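The model shown is predicted, which means the values in this text are computed figures rather than measured ones. Order of the sequence lines fixes the chain letters, A, B, ..., with proteins taken first and strands second; residue numbering starts at 1 for each chain.
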Protein chains: 2
Amino acid sequence: MNRSAKTELFERLAQVAHAIANPHRLELLDLLVQAPRSVEQLAVASAMSLANASQHLQRLKRTGLVVGARRGTTIRYRLADPAVARLWMQLREVAVSQLADVERALDQYRPQRQQFPTITPAALQAKMARGEMLLLDVRPAEEFAAGHLPGALSLPLEELPMRLAELPATALIVTYCRGPLCVYADEALAQVIASGRRGVRLEEGVAEWQVAGYMLEHGERS
Amino acid sequence: MNRSAKTELFERLAQVAHAIANPHRLELLDLLVQAPRSVEQLAVASAMSLANASQHLQRLKRTGLVVGARRGTTIRYRLADPAVARLWMQLREVAVSQLADVERALDQYRPQRQQFPTITPAALQAKMARGEMLLLDVRPAEEFAAGHLPGALSLPLEELPMRLAELPATALIVTYCRGPLCVYADEALAQVIASGRRGVRLEEGVAEWQVAGYMLEHGERS
DNA sequence: ACCGTATTCAATAATTCTATTGAGTAGATG
DNA sequence: CATCTACTCAATAGAATTATTGAATACGGT
(Lines give C-alpha, C1' and ligand atoms only; values in the text may rest on other atoms or scores of the structure.)
Protein backbone atom coordinates (compact mmCIF):
# COMPACT_ATOMS: atom_id res chain seq x y z
CA MET A 1 0.00 0.00 0.00
CA ASN A 2 0.99 3.55 -0.67
CA ARG A 3 1.75 4.56 2.88
CA SER A 4 3.95 7.61 2.26
CA ALA A 5 1.46 9.27 -0.06
CA LYS A 6 -1.27 8.53 2.43
CA THR A 7 0.78 10.03 5.24
CA GLU A 8 1.40 13.15 3.23
CA LEU A 9 -2.26 13.52 2.42
CA PHE A 10 -3.30 13.33 6.05
CA GLU A 11 -0.55 15.76 6.95
CA ARG A 12 -2.03 18.32 4.59
CA LEU A 13 -5.45 17.87 6.08
CA ALA A 14 -4.00 18.21 9.56
CA GLN A 15 -2.41 21.50 8.55
CA VAL A 16 -5.81 22.91 7.77
CA ALA A 17 -7.15 21.59 11.05
CA HIS A 18 -4.20 23.08 12.83
CA ALA A 19 -4.96 26.46 11.34
CA ILE A 20 -8.29 26.50 13.14
CA ALA A 21 -6.93 24.91 16.32
CA ASN A 22 -6.26 28.13 18.16
CA PRO A 23 -8.72 30.30 20.05
CA HIS A 24 -7.49 33.54 18.53
CA ARG A 25 -7.65 32.26 14.99
CA LEU A 26 -11.14 30.91 15.59
CA GLU A 27 -12.22 34.29 16.83
CA LEU A 28 -10.76 35.92 13.73
CA LEU A 29 -12.68 33.50 11.54
CA ASP A 30 -15.82 34.14 13.56
CA LEU A 31 -15.48 37.84 12.82
CA LEU A 32 -14.66 37.30 9.16
CA VAL A 33 -17.75 35.14 8.71
CA GLN A 34 -19.76 38.28 9.37
CA ALA A 35 -17.83 40.76 7.25
CA PRO A 36 -14.39 41.43 5.77
CA ARG A 37 -12.15 43.60 7.93
CA SER A 38 -8.74 45.23 8.17
CA VAL A 39 -5.97 43.90 10.37
CA GLU A 40 -6.44 46.68 12.85
CA GLN A 41 -10.20 46.20 13.10
CA LEU A 42 -9.66 42.51 13.71
CA ALA A 43 -6.97 43.14 16.31
CA VAL A 44 -9.21 45.52 18.23
CA ALA A 45 -12.31 43.34 17.99
CA SER A 46 -10.45 40.29 19.25
CA ALA A 47 -8.36 42.10 21.87
CA MET A 48 -5.04 41.09 20.35
CA SER A 49 -1.91 43.06 19.71
CA LEU A 50 -1.55 44.20 16.13
CA ALA A 51 1.52 42.10 15.46
CA ASN A 52 -0.11 39.04 16.92
CA ALA A 53 -3.28 39.48 14.89
CA SER A 54 -1.18 39.96 11.78
CA GLN A 55 0.77 36.82 12.51
CA HIS A 56 -2.33 34.73 12.97
CA LEU A 57 -3.84 36.15 9.80
CA GLN A 58 -0.68 35.23 7.93
CA ARG A 59 -1.07 31.71 9.12
CA LEU A 60 -4.69 31.56 8.02
CA LYS A 61 -3.70 32.99 4.67
CA ARG A 62 -0.87 30.52 4.17
CA THR A 63 -3.29 27.70 4.84
CA GLY A 64 -5.74 29.10 2.31
CA LEU A 65 -8.59 29.87 4.70
CA VAL A 66 -8.59 33.64 4.22
CA VAL A 67 -7.41 36.02 1.53
CA GLY A 68 -6.24 39.61 1.87
CA ALA A 69 -6.75 42.38 -0.65
CA ARG A 70 -5.55 45.95 -0.50
CA ARG A 71 -8.33 48.49 -0.33
CA GLY A 72 -7.07 52.05 -0.12
CA THR A 73 -4.55 52.28 2.65
CA THR A 74 -5.60 49.15 4.48
CA ILE A 75 -5.68 45.45 3.70
CA ARG A 76 -9.03 43.73 3.98
CA TYR A 77 -9.09 40.13 4.92
CA ARG A 78 -12.02 37.91 4.07
CA LEU A 79 -12.83 34.21 4.03
CA ALA A 80 -11.39 32.46 1.02
CA ASP A 81 -14.52 30.38 0.50
CA PRO A 82 -17.96 29.74 2.00
CA ALA A 83 -16.78 26.22 2.82
CA VAL A 84 -14.63 27.78 5.53
CA ALA A 85 -17.73 29.24 7.20
CA ARG A 86 -19.37 25.84 7.04
CA LEU A 87 -16.30 24.26 8.63
CA TRP A 88 -16.47 26.77 11.45
CA MET A 89 -20.16 26.04 11.99
CA GLN A 90 -19.61 22.31 11.95
CA LEU A 91 -16.83 22.62 14.49
CA ARG A 92 -19.14 24.64 16.69
CA GLU A 93 -21.89 22.06 16.29
CA VAL A 94 -19.60 19.23 17.33
CA ALA A 95 -18.25 21.16 20.28
CA VAL A 96 -21.62 22.28 21.56
CA SER A 97 -23.30 18.91 21.07
CA GLN A 98 -20.52 16.84 22.63
CA LEU A 99 -19.15 18.81 25.47
CA ALA A 100 -20.94 19.78 28.63
CA ASP A 101 -18.03 22.16 29.15
CA VAL A 102 -18.97 24.12 26.10
CA GLU A 103 -22.56 24.40 27.22
CA ARG A 104 -21.35 25.74 30.50
CA ALA A 105 -18.94 28.16 28.86
CA LEU A 106 -21.73 29.30 26.58
CA ASP A 107 -24.09 29.90 29.49
CA GLN A 108 -21.34 31.88 31.13
CA TYR A 109 -20.94 34.01 28.05
CA ARG A 110 -24.63 34.36 27.20
CA PRO A 111 -26.30 34.41 30.62
CA GLN A 112 -29.65 35.40 29.16
CA ARG A 113 -29.76 32.76 26.50
CA GLN A 114 -32.31 30.56 28.26
CA GLN A 115 -34.42 33.50 29.34
CA PHE A 116 -36.19 34.58 26.18
CA PRO A 117 -38.25 32.82 23.56
CA THR A 118 -36.56 31.93 20.26
CA ILE A 119 -37.70 31.28 16.72
CA THR A 120 -36.19 29.00 14.08
CA PRO A 121 -35.16 30.23 10.64
CA ALA A 122 -37.94 28.19 9.04
CA ALA A 123 -40.61 29.70 11.31
CA LEU A 124 -39.24 33.18 10.71
CA GLN A 125 -39.34 32.66 6.97
CA ALA A 126 -43.04 31.82 7.23
CA LYS A 127 -43.75 34.82 9.42
CA MET A 128 -41.86 37.13 7.06
CA ALA A 129 -44.16 36.17 4.23
CA ARG A 130 -47.08 37.45 6.30
CA GLY A 131 -45.18 40.59 7.31
CA GLU A 132 -46.52 40.85 10.79
CA MET A 133 -43.26 41.59 12.58
CA LEU A 134 -40.19 43.80 12.62
CA LEU A 135 -36.83 42.16 11.97
CA LEU A 136 -33.98 43.82 13.86
CA ASP A 137 -30.31 43.38 12.94
CA VAL A 138 -28.36 44.50 16.02
CA ARG A 139 -24.86 43.89 14.67
CA PRO A 140 -22.45 46.75 13.84
CA ALA A 141 -23.43 48.65 10.69
CA GLU A 142 -20.51 47.30 8.65
CA GLU A 143 -21.62 43.73 9.19
CA PHE A 144 -25.16 44.65 8.20
CA ALA A 145 -23.77 46.14 4.98
CA ALA A 146 -21.86 42.96 4.18
CA GLY A 147 -25.07 40.93 4.20
CA HIS A 148 -28.31 40.81 6.17
CA LEU A 149 -31.69 39.13 6.27
CA PRO A 150 -34.17 40.53 3.73
CA GLY A 151 -36.23 43.39 5.10
CA ALA A 152 -34.23 43.70 8.30
CA LEU A 153 -33.72 47.05 9.97
CA SER A 154 -30.15 47.86 10.99
CA LEU A 155 -30.06 49.04 14.59
CA PRO A 156 -26.67 48.33 16.17
CA LEU A 157 -26.84 47.36 19.81
CA GLU A 158 -25.03 50.50 20.95
CA GLU A 159 -27.60 52.76 19.29
CA LEU A 160 -30.57 50.82 20.61
CA PRO A 161 -31.01 52.66 23.93
CA MET A 162 -31.30 56.01 22.06
CA ARG A 163 -33.61 54.72 19.37
CA LEU A 164 -35.82 52.34 21.28
CA ALA A 165 -38.77 54.73 20.94
CA GLU A 166 -38.69 54.38 17.15
CA LEU A 167 -39.78 50.78 17.40
CA PRO A 168 -43.43 49.88 16.92
CA ALA A 169 -45.30 49.31 20.18
CA THR A 170 -47.42 46.33 19.26
CA ALA A 171 -45.79 44.38 16.42
CA LEU A 172 -43.62 41.39 17.31
CA ILE A 173 -39.93 42.27 17.24
CA VAL A 174 -37.43 39.60 16.13
CA THR A 175 -33.79 40.28 17.04
CA TYR A 176 -30.83 38.54 15.50
CA CYS A 177 -27.05 38.91 15.47
CA ARG A 178 -23.97 36.90 14.51
CA GLY A 179 -25.20 33.55 15.67
CA PRO A 180 -25.30 31.25 18.67
CA LEU A 181 -22.01 32.50 20.08
CA CYS A 182 -23.06 36.15 20.07
CA VAL A 183 -24.75 38.01 22.90
CA TYR A 184 -26.00 41.03 20.97
CA ALA A 185 -29.45 39.68 20.19
CA ASP A 186 -29.94 38.62 23.81
CA GLU A 187 -29.04 42.05 25.11
CA ALA A 188 -31.16 43.82 22.55
CA LEU A 189 -34.09 41.57 23.32
CA ALA A 190 -33.75 42.32 27.03
CA GLN A 191 -34.14 46.04 26.28
CA VAL A 192 -37.01 45.49 23.88
CA ILE A 193 -38.95 43.42 26.38
CA ALA A 194 -38.14 45.79 29.25
CA SER A 195 -39.78 48.54 27.19
CA GLY A 196 -43.03 46.61 27.23
CA ARG A 197 -42.81 45.29 23.68
CA ARG A 198 -43.14 41.71 22.49
CA GLY A 199 -39.95 40.12 21.18
CA VAL A 200 -38.21 36.87 20.28
CA ARG A 201 -34.67 35.99 19.29
CA LEU A 202 -33.76 34.22 16.06
CA GLU A 203 -31.87 31.10 17.07
CA GLU A 204 -29.21 31.43 14.43
CA GLY A 205 -27.23 34.15 12.70
CA VAL A 206 -26.74 35.46 9.20
CA ALA A 207 -24.26 32.77 8.12
CA GLU A 208 -26.50 29.93 9.29
CA TRP A 209 -29.46 31.55 7.55
CA GLN A 210 -27.57 31.57 4.29
CA VAL A 211 -26.30 28.01 4.65
CA ALA A 212 -29.88 26.92 5.26
CA GLY A 213 -30.60 28.08 1.73
CA TYR A 214 -32.34 31.40 2.34
CA MET A 215 -31.53 34.66 0.61
CA LEU A 216 -29.51 37.61 1.93
CA GLU A 217 -29.64 41.30 1.06
CA HIS A 218 -26.52 43.41 0.74
CA GLY A 219 -25.67 47.07 1.17
CA GLU A 220 -26.18 49.96 3.58
CA ARG A 221 -29.38 50.54 5.45
CA SER A 222 -31.97 52.03 3.15
CA MET B 1 -17.96 43.16 27.44
CA ASN B 2 -17.47 39.71 28.88
CA ARG B 3 -14.01 39.06 27.54
CA SER B 4 -12.92 36.29 29.87
CA ALA B 5 -16.02 34.17 29.25
CA LYS B 6 -15.56 34.73 25.53
CA THR B 7 -11.92 33.69 25.74
CA GLU B 8 -12.85 30.54 27.59
CA LEU B 9 -15.52 29.67 25.05
CA PHE B 10 -13.13 29.98 22.13
CA GLU B 11 -10.56 27.97 24.03
CA ARG B 12 -13.01 25.09 24.32
CA LEU B 13 -13.74 25.23 20.63
CA ALA B 14 -10.03 25.30 19.89
CA GLN B 15 -9.58 22.17 21.96
CA VAL B 16 -11.93 20.31 19.68
CA ALA B 17 -10.13 21.66 16.65
CA HIS B 18 -6.84 20.66 18.18
CA ALA B 19 -8.07 17.12 18.62
CA ILE B 20 -8.43 16.79 14.86
CA ALA B 21 -5.26 18.74 14.09
CA ASN B 22 -2.99 15.73 13.82
CA PRO B 23 -2.54 13.43 10.85
CA HIS B 24 -2.71 10.26 12.93
CA ARG B 25 -5.87 11.29 14.71
CA LEU B 26 -7.46 12.23 11.41
CA GLU B 27 -6.64 8.81 10.06
CA LEU B 28 -8.18 7.19 13.12
CA LEU B 29 -11.33 9.23 12.60
CA ASP B 30 -11.35 8.32 8.92
CA LEU B 31 -11.30 4.65 9.88
CA LEU B 32 -13.94 5.07 12.57
CA VAL B 33 -16.28 6.79 10.15
CA GLN B 34 -16.46 3.45 8.34
CA ALA B 35 -16.84 1.11 11.32
CA PRO B 36 -16.06 0.78 15.03
CA ARG B 37 -12.79 -0.96 15.79
CA SER B 38 -10.49 -2.10 18.58
CA VAL B 39 -7.31 -0.30 19.50
CA GLU B 40 -5.19 -2.98 17.90
CA GLN B 41 -7.15 -2.97 14.65
CA LEU B 42 -6.79 0.80 14.50
CA ALA B 43 -3.09 0.67 15.27
CA VAL B 44 -2.46 -1.86 12.50
CA ALA B 45 -4.64 -0.11 9.94
CA SER B 46 -2.95 3.23 10.54
CA ALA B 47 0.58 1.87 10.90
CA MET B 48 1.04 3.19 14.40
CA SER B 49 2.53 1.58 17.48
CA LEU B 50 -0.08 0.29 19.88
CA ALA B 51 0.82 2.72 22.64
CA ASN B 52 0.74 5.62 20.27
CA ALA B 53 -2.64 4.68 18.85
CA SER B 54 -3.97 4.27 22.36
CA GLN B 55 -2.66 7.66 23.34
CA HIS B 56 -4.27 9.37 20.38
CA LEU B 57 -7.54 7.58 21.04
CA GLN B 58 -7.43 8.78 24.63
CA ARG B 59 -7.11 12.28 23.40
CA LEU B 60 -10.03 11.91 21.02
CA LYS B 61 -12.06 10.40 23.84
CA ARG B 62 -11.21 13.18 26.28
CA THR B 63 -12.36 15.71 23.71
CA GLY B 64 -15.63 13.87 23.22
CA LEU B 65 -15.14 12.89 19.58
CA VAL B 66 -15.08 9.13 20.10
CA VAL B 67 -16.34 6.76 22.77
CA GLY B 68 -14.98 3.37 23.76
CA ALA B 69 -17.02 0.42 24.96
CA ARG B 70 -15.81 -2.95 26.08
CA ARG B 71 -16.94 -5.80 23.86
CA GLY B 72 -15.66 -9.18 24.98
CA THR B 73 -11.97 -8.92 25.59
CA THR B 74 -11.33 -5.83 23.51
CA ILE B 75 -12.47 -2.23 23.62
CA ARG B 76 -14.29 -0.94 20.57
CA TYR B 77 -13.99 2.69 19.74
CA ARG B 78 -16.60 4.46 17.66
CA LEU B 79 -17.52 8.02 16.75
CA ALA B 80 -19.41 9.74 19.53
CA ASP B 81 -21.84 11.37 17.10
CA PRO B 82 -22.57 11.67 13.38
CA ALA B 83 -21.68 15.35 13.67
CA VAL B 84 -18.06 14.25 14.01
CA ALA B 85 -18.23 12.53 10.63
CA ARG B 86 -19.68 15.69 9.13
CA LEU B 87 -16.87 17.74 10.65
CA TRP B 88 -14.31 15.41 9.10
CA MET B 89 -16.02 15.71 5.71
CA GLN B 90 -16.20 19.47 5.94
CA LEU B 91 -12.53 19.66 6.83
CA ARG B 92 -11.75 17.53 3.80
CA GLU B 93 -13.92 19.73 1.61
CA VAL B 94 -12.13 22.89 2.72
CA ALA B 95 -8.72 21.32 2.31
CA VAL B 96 -9.41 19.90 -1.12
CA SER B 97 -11.13 23.00 -2.44
CA GLN B 98 -8.56 25.48 -1.16
CA LEU B 99 -5.21 23.87 -1.51
CA ALA B 100 -3.53 22.91 -4.72
CA ASP B 101 -1.19 20.92 -2.47
CA VAL B 102 -3.99 18.67 -1.42
CA GLU B 103 -5.01 18.01 -4.99
CA ARG B 104 -1.45 17.05 -5.74
CA ALA B 105 -1.18 14.84 -2.68
CA LEU B 106 -4.45 13.21 -3.61
CA ASP B 107 -3.29 12.52 -7.16
CA GLN B 108 -0.17 11.00 -5.68
CA TYR B 109 -2.22 8.74 -3.48
CA ARG B 110 -4.92 7.89 -6.00
CA PRO B 111 -3.02 7.84 -9.30
CA GLN B 112 -5.96 6.33 -11.17
CA ARG B 113 -8.53 8.75 -9.95
CA GLN B 114 -8.76 10.72 -13.18
CA GLN B 115 -8.67 7.61 -15.32
CA PHE B 116 -12.11 6.08 -14.91
CA PRO B 117 -15.64 7.40 -15.26
CA THR B 118 -17.53 8.28 -12.07
CA ILE B 119 -21.13 8.56 -11.07
CA THR B 120 -22.78 10.84 -8.50
CA PRO B 121 -24.88 9.52 -5.63
CA ALA B 122 -28.00 11.10 -7.16
CA ALA B 123 -27.41 9.41 -10.52
CA LEU B 124 -26.71 6.10 -8.82
CA GLN B 125 -29.93 6.36 -6.83
CA ALA B 126 -31.87 6.75 -10.08
CA LYS B 127 -30.06 3.80 -11.68
CA MET B 128 -30.68 1.62 -8.64
CA ALA B 129 -34.41 2.09 -8.99
CA ARG B 130 -34.17 0.59 -12.46
CA GLY B 131 -31.89 -2.21 -11.24
CA GLU B 132 -29.71 -2.40 -14.30
CA MET B 133 -26.34 -2.62 -12.58
CA LEU B 134 -24.33 -4.43 -9.91
CA LEU B 135 -23.23 -2.39 -6.91
CA LEU B 136 -19.90 -3.55 -5.51
CA ASP B 137 -18.67 -2.70 -1.99
CA VAL B 138 -14.94 -3.37 -2.05
CA ARG B 139 -14.18 -2.41 1.56
CA PRO B 140 -13.18 -4.98 4.19
CA ALA B 141 -16.07 -7.18 5.28
CA GLU B 142 -16.33 -5.62 8.76
CA GLU B 143 -16.93 -2.19 7.30
CA PHE B 144 -19.59 -3.61 5.02
CA ALA B 145 -21.28 -5.12 8.06
CA ALA B 146 -21.29 -1.77 9.87
CA GLY B 147 -23.30 -0.17 7.07
CA HIS B 148 -23.47 -0.34 3.28
CA LEU B 149 -25.48 0.89 0.31
CA PRO B 150 -28.76 -0.98 -0.20
CA GLY B 151 -28.40 -3.99 -2.44
CA ALA B 152 -24.62 -3.81 -2.59
CA LEU B 153 -22.55 -6.97 -2.86
CA SER B 154 -19.62 -7.25 -0.44
CA LEU B 155 -16.48 -8.16 -2.32
CA PRO B 156 -13.38 -6.93 -0.47
CA LEU B 157 -10.60 -5.77 -2.72
CA GLU B 158 -8.26 -8.56 -1.64
CA GLU B 159 -10.77 -11.24 -2.68
CA LEU B 160 -11.56 -9.60 -5.99
CA PRO B 161 -8.84 -11.27 -8.10
CA MET B 162 -10.11 -14.73 -7.05
CA ARG B 163 -13.77 -13.95 -7.51
CA LEU B 164 -13.71 -11.76 -10.58
CA ALA B 165 -15.31 -14.53 -12.63
CA GLU B 166 -18.45 -14.41 -10.48
CA LEU B 167 -19.30 -10.95 -11.75
CA PRO B 168 -21.83 -10.57 -14.56
CA ALA B 169 -20.23 -10.04 -17.95
CA THR B 170 -22.54 -7.42 -19.41
CA ALA B 171 -24.23 -5.47 -16.61
CA LEU B 172 -22.67 -2.17 -15.54
CA ILE B 173 -20.57 -2.58 -12.39
CA VAL B 174 -20.45 0.31 -9.92
CA THR B 175 -17.61 0.17 -7.39
CA TYR B 176 -17.46 2.18 -4.20
CA CYS B 177 -15.35 2.29 -1.05
CA ARG B 178 -14.70 4.61 1.88
CA GLY B 179 -14.84 7.86 0.01
CA PRO B 180 -12.74 10.31 -1.95
CA LEU B 181 -9.58 9.59 0.05
CA CYS B 182 -9.72 5.85 -0.57
CA VAL B 183 -8.07 3.95 -3.42
CA TYR B 184 -9.97 0.68 -3.14
CA ALA B 185 -12.70 1.53 -5.64
CA ASP B 186 -10.11 2.75 -8.14
CA GLU B 187 -8.10 -0.45 -7.90
CA ALA B 188 -11.18 -2.64 -8.07
CA LEU B 189 -12.43 -0.74 -11.08
CA ALA B 190 -9.10 -1.19 -12.82
CA GLN B 191 -9.45 -4.96 -12.45
CA VAL B 192 -13.09 -4.95 -13.53
CA ILE B 193 -12.35 -3.00 -16.65
CA ALA B 194 -9.23 -5.04 -17.44
CA SER B 195 -11.49 -8.11 -17.42
CA GLY B 196 -13.50 -6.62 -20.28
CA ARG B 197 -16.48 -5.53 -18.20
CA ARG B 198 -18.10 -2.10 -18.06
CA GLY B 199 -17.61 -0.20 -14.78
CA VAL B 200 -17.79 3.19 -13.09
CA ARG B 201 -16.78 4.45 -9.68
CA LEU B 202 -19.14 6.10 -7.24
CA GLU B 203 -17.65 9.52 -6.46
CA GLU B 204 -18.33 9.37 -2.76
CA GLY B 205 -18.33 6.81 0.02
CA VAL B 206 -20.78 5.38 2.49
CA ALA B 207 -20.64 8.26 4.95
CA GLU B 208 -21.26 10.87 2.26
CA TRP B 209 -24.13 8.77 0.91
CA GLN B 210 -25.76 8.79 4.31
CA VAL B 211 -25.22 12.50 4.89
CA ALA B 212 -26.84 13.16 1.52
CA GLY B 213 -30.00 11.69 3.00
CA TYR B 214 -30.04 8.21 1.46
CA MET B 215 -30.60 4.97 3.34
CA LEU B 216 -28.04 2.40 4.45
CA GLU B 217 -28.37 -1.31 5.10
CA HIS B 218 -26.65 -3.03 8.00
CA GLY B 219 -25.37 -6.53 8.73
CA GLU B 220 -23.30 -9.29 7.16
CA ARG B 221 -23.47 -10.18 3.53
CA SER B 222 -26.61 -12.17 2.81
C1' DA C 1 -8.84 -17.28 42.04
C1' DC C 2 -5.58 -17.25 38.57
C1' DC C 3 -3.66 -16.35 33.83
C1' DG C 4 -3.24 -14.15 29.58
C1' DT C 5 -3.89 -10.44 26.79
C1' DA C 6 -5.67 -5.89 25.40
C1' DT C 7 -5.05 -1.55 26.73
C1' DT C 8 -3.24 2.31 29.36
C1' DC C 9 0.16 4.92 31.97
C1' DA C 10 4.61 7.48 32.99
C1' DA C 11 8.83 9.47 31.76
C1' DT C 12 11.55 11.70 28.38
C1' DA C 13 13.85 14.02 24.56
C1' DA C 14 12.92 16.25 20.19
C1' DT C 15 10.07 19.17 17.86
C1' DT C 16 6.64 22.70 17.26
C1' DC C 17 3.82 26.56 18.66
C1' DT C 18 2.97 31.17 20.78
C1' DA C 19 3.14 36.24 22.36
C1' DT C 20 6.03 39.97 22.67
C1' DT C 21 9.24 43.23 21.24
C1' DG C 22 11.20 46.26 18.18
C1' DA C 23 12.69 46.92 13.59
C1' DG C 24 11.51 46.95 8.74
C1' DT C 25 8.63 47.58 4.39
C1' DA C 26 5.19 48.80 0.99
C1' DG C 27 2.20 51.80 -0.71
C1' DA C 28 -1.02 55.76 -0.49
C1' DT C 29 -1.25 60.59 -0.07
C1' DG C 30 0.19 65.18 -0.54
C1' DC D 1 9.86 62.74 -3.96
C1' DA D 2 9.18 62.61 1.03
C1' DT D 3 6.40 61.23 4.68
C1' DC D 4 3.15 58.78 7.18
C1' DT D 5 0.51 54.79 8.20
C1' DA D 6 -0.86 50.08 8.11
C1' DC D 7 1.05 46.13 8.15
C1' DT D 8 4.71 42.47 8.26
C1' DC D 9 9.01 40.36 9.62
C1' DA D 10 12.67 38.39 12.77
C1' DA D 11 14.31 36.88 17.00
C1' DT D 12 13.42 34.75 21.27
C1' DA D 13 11.99 32.54 25.53
C1' DG D 14 8.47 29.86 27.49
C1' DA D 15 4.92 26.49 26.84
C1' DA D 16 2.74 22.59 24.61
C1' DT D 17 2.83 18.42 21.69
C1' DT D 18 4.68 14.05 20.05
C1' DA D 19 6.68 9.09 19.54
C1' DT D 20 9.04 5.79 21.99
C1' DT D 21 10.09 2.83 25.63
C1' DG D 22 9.02 -0.23 29.18
C1' DA D 23 6.16 -0.95 33.06
C1' DA D 24 1.52 -1.27 35.02
C1' DT D 25 -3.38 -2.28 35.03
C1' DA D 26 -7.78 -4.26 34.30
C1' DC D 27 -10.77 -7.44 32.66
C1' DG D 28 -12.66 -11.80 30.54
C1' DG D 29 -12.13 -16.47 30.28
C1' DT D 30 -11.42 -20.81 32.45
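We find that CG of B:N52 is positioned 12 Å from C1' of D:dT17, with the value rounded to whole Å. Rounded to an integer number of Å, the gap from A:R76 CZ to D:dT8 C1' is 19 Å. Distance B:H18 NE2 to D:dT17 C1': 7 Å, rounded to the nearest Å. The NE2 atom of A:H56 sits 16 Å away from the C1' atom of D:dC7 (whole-angstrom rounding). As a whole-Å value, the separation of A:R71 CZ from D:dC7 P is 13 Å. One atom, CG of A:L26, and another, P of C:dT18, lie 11 Å apart when rounded to the nearest Å. Look at CD on B:E11: it is 12 Å from P on C:dT18, rounded to the nearest Å.
Annotation for B:L13 and A:R92: closest pair CD2-CA, 4.0 Å, computed over non-hydrogen atoms.
A:R59 comes within 4.0 angstrom of the backbone, heavy atoms only, and of no base. Across all strands shown, A:T74 has heavy atoms under 4.0 Å from sugar-phosphate atoms exclusively, and none from any base. Here B:R25 lies in heavy-atom contact (under 4.0 Å) with sugar-phosphate atoms only. If you check every strand for non-hydrogen atoms under 4.0 Å, B:L57 touches nothing. A:S54 comes within contact range of at least one nucleobase, with a heavy-atom separation under 4.0 Å.
Applying the ring-ring contact (aromatic ring centres under 6.0 Å, His included) test to every pair with at least one member in residues 66-87 of chain B, sequence neighbours left out, gives no pairs at all.
Out of D:dT8, D:dG28, C:dT7, the shortest distance to the side chain of B:R70 is found at D:dG28. In this structure, the nucleotide among C:dT29, D:dG22, C:dT7 sitting nearest to the side chain of B:A51 is D:dG22. Listed nucleotides: D:dA6, C:dT7, C:dT21. Nearest to the side chain of A:E40: D:dA6. You'll find that the side chain of A:Q55 is closest to C:dA19, out of C:dA19, C:dT7, D:dC7.
The side chain of A:Y77 places no N or O atom within less than 4.0 Å of a non-bridging phosphate oxygen (OP1 or OP2) of D:dA6. A close approach under 4.0 Å does occur between a side-chain nitrogen or oxygen of B:N22 and OP1 or OP2 of D:dT18.
The aromatic rings of A:H56 and A:H24 sit tilted relative to each other, their planes meeting at an angle between 30° and 60°.
Of the two residues contacting DNA chain C, namely A:H24 and A:G72, the nearest-nucleotide position lying further toward the 5' end is that of A:H24. DNA chain C is contacted by both A:S49 and B:Q58; B:Q58 maps to the nucleotide lying nearer its 5′ end (nearest heavy atom per residue).
Outside the 6.0 Å centre-distance limit, the rings of A:H148 and A:H218 are not counted as a close aromatic pair.
Taking CD of A:Q112 as the reference point, atom CG of A:L189 lies at 8.5 Å (rounded to 0.5 Å).
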